[in-house]
Amino acid sequence: MGGLRLLAVALTCCWWPQGSQGKTLRGSFSSAAARDTQGQSIGHFEFHGDHALLCVRINNIAVAIGKEAKLYLFQAQEWLKLQESSHGYSCSEKLSRAQLTMTMNQTEHNLTVSQIPSPQTWHVFYADKYTCRDDKENSQVEDIPFEMVLLNPDAEGNPFDHFSARESGLHEFFFLLVLVYFVIACIYAQSLWQAIKKGGPMHMILKVLTTALLLQAGSALANYIHFSRYSKDGIGVPFMGSLAEFFDIASQIHMLYLLLSLCMGWTIVRMKKSQSRPLQWDSTPASTGIAVFIVVTQSILLLWEQFEDTSHHSYHSHHNLAGILLIILRICLALSLGCGLYQIITVERSTLKREFYITFAKGCILWFLCHPVLTCISILFSDYQRDKVITIGVILCQSVSMVILYRLFLSHSLYWEVSSLSSVTLPLTISSGHKSRPHF
């Protein structure tokens, strides 16, 4: 286990994701970039309600007036239609179809985006008099530094909310999640620490499960810190957003190796195991090799998905190939573990043991299938709600899965009674470790 944990850390440290770009944007309006792409893409934002606001500040007014600098706002659906249209619109025709236009001839410009019946994504583009020309006259034109703030109306209708419709509610969710983690830690931390210190047959499972839980709690705290700052300045703390991604990936790797190690004895290599010890921490070279291969595969897919998806909210909608492969991997693992458990439950005569295996199966299958199922369910929601449905749903489901496993292996009722039936049929007995009754 120690070697694989080092591998997990190495894999998660090999790539440190960039924090998501805040909605207080800073940069330069470039005539060259606008000409090359028929409009320089500045960013996008999900406006909602009335009195949403776009505020732009520039310093070099003379250059902006000389270049006839303008901002063009397109609704996402209309922009997509223009891109996919077979009419072959010219550069000037595309720009003329913008829903909103702002001429930059002052130091500060405020543009109100109002009468939005439902949250919509708007794309912001910069263009000037050189954008649609074929000559190279604009090659030496000076760029215009800018700062842009995109705001939605708050609960009182004032444009002070930095969160887009896609992000609204996440700050409050992570606050409640951190609060729940804190309360649970105050209640159970001491008894859990004592159980881990006592060692025994449950020592390894409790250590790994607790490590995964701490990583999840760390991810929630980092997200909360990032969104707390984001709510004030629209930028947040990109480092904390990246740290949240790091903790989440590490937690996923730890839990995957934990479940594979526990289940290896009755799934992939079940025929090679003694049926008197159906569920145990397996550490043979074959099972360890299979577990390492699957863990490395998931790690590569997680990192690949992070490269493809720049939104960085820990959980993604799986629109790219890496995300689809992750869903397939989780479904295959859930089916494999489910089939193995079904074979054990059907031949098990002890009611207590059947209840033990069924509860364990619930925890495993919930962990693996929550993400694929929620990704499918999210299709029923509007586009701006899908990321939130997946993010909140997966965190809650995986937290419930951890609670199920903790209750199963820390309980003095079910686990104690099951393990008392026979000293050689202790669930999760470490092969080379303790063979006496567990003591907590």
Side-chain angles (χ1 to χ4, degrees), residues 1 4-5 8 177 180-181 184-185 187-189 191-196 198-220 247-248 250-267 278-283 291 294-295 298 330 333-334 336-338 340-342 344-345 352-371 373 393-419 425-430 433 438-440:
M1 179 62 190
L4 193 89
R5 292 179 69 181
L177 187 62
V180 170
Y181 276 128
I184 292 176
I187 298 174
Y188 296 106
S191 58
L192 178 60
W193 175 246
Q194 290 176 351
I196 295 176
K198 287 181 180 179
M202 298 303 298
H203 180 66
M204 184 63 74
I205 171 68
L206 291 178
K207 282 182 60 177
V208 181
L209 187 57
T210 302
T211 299
L213 178 62
L214 290 175
L215 288 169
Q216 274 205 338
S219 177
F247 284 151
D248 177 66
S251 176
Q252 297 290 324
I253 292 173
H254 273 77
M255 279 299 294
L256 177 61
Y257 184 74
L258 167 65
L259 297 179
L260 287 175
S261 298
L262 297 180
C263 302
M264 202 66 69
W266 45 263
T267 52
L279 190 58
Q280 64 177 301
W281 187 286
D282 187 276
S283 58
I294 296 176
V295 167
Q298 174 176 278
R330 288 169 176 142
L333 288 172
S336 174
L337 303 182
L341 262 182
Y342 177 77
I344 288 181
I345 294 172
L352 288 174
K353 286 187 179 181
R354 277 203 305 271
E355 184 180 352
F356 179 87
Y357 294 134
I358 290 172
T359 305
F360 182 74
K362 290 178 182 178
C364 291
I365 293 176
L366 178 60
W367 181 274
F368 285 122
L369 287 187
C370 64
H371 211 152
V373 170
V394 168
I395 291 175
L396 294 179
C397 288
Q398 292 187 345
S399 298
V400 170
S401 176
M402 285 187 170
V403 170
I404 291 174
L405 294 177
Y406 265 118
R407 292 190 62 184
L408 183 64
F409 298 124
L410 282 176
S411 174
H412 274 234
S413 55
L414 178 60
Y415 178 77
W416 191 278
E417 294 177 12
V418 170
S419 61
T425 59
L426 276 176
L428 301 175
T429 302
I430 302 179
H439 50 284
F440 298 107

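Below, all heavy atoms of this structure are taken into account, side chains as well, without hydrogens, waters or symmetry copies.
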Locate the shortest heavy-atom distance separating Phe368 from Arg330; write the atom from each residue and the value.
->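 Shortest heavy-atom separation between Phe368 and Arg330 comes out as O-CB, 3.4 Å.
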Q.
To check you understand the geometry: which heavy-atom pair defines the closest contact between Leu177 and Ala220, and what is its length?
A.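 Heavy atoms only, the tightest pair is CD2-CB, 3.5 Å.
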[Y] backbone acceptor or donor facing [X] side chain under 3.5 Å:
X      : Y      : result
Ser219 : Leu215 : no
Thr211 : Lys207 : yes
Tyr406 : Thr210 : yes

Atom pair [atom1] ([X]) and [atom2] ([Y]), whose distance is rounded to the nearest 0.5 Å:
X      : Y      : atom1 : atom2 : result
Ser401 : Ile365 : OG    : CD1   : 10.5 Å
Trp193 : Leu206 : CH2   : CG    : 12.0 Å
Met255 : Gln398 : CE    : CD    : 7.5 Å
Leu209 : Leu408 : CG    : CG    : 10.5 Å
Leu333 : Leu256 : CG    : CG    : 6.0 Å
Leu405 : Leu366 : CG    : CG    : 9.0 Å

Sequence neighbours left out, what passes side chain to side chain donor-acceptor pair (under 3.5 Å) with Ser399? Give chain and number order.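 Applying side chain to side chain donor-acceptor pair (under 3.5 Å) to Ser399 gives none.
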**Asked** Side chains of Gln252 and Gln298: is there a donor and an acceptor less than 3.5 Å apart?
**Response**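 No pair is found: no donor N or O on one side chain lies under 3.5 Å from an acceptor on the other.
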Pairwise side-chain contact, Phe247 with Leu214, heavy-atom cut-off 4.5 Å (strictly under)
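No; the side chains remain at least 4.5 Å from each other.
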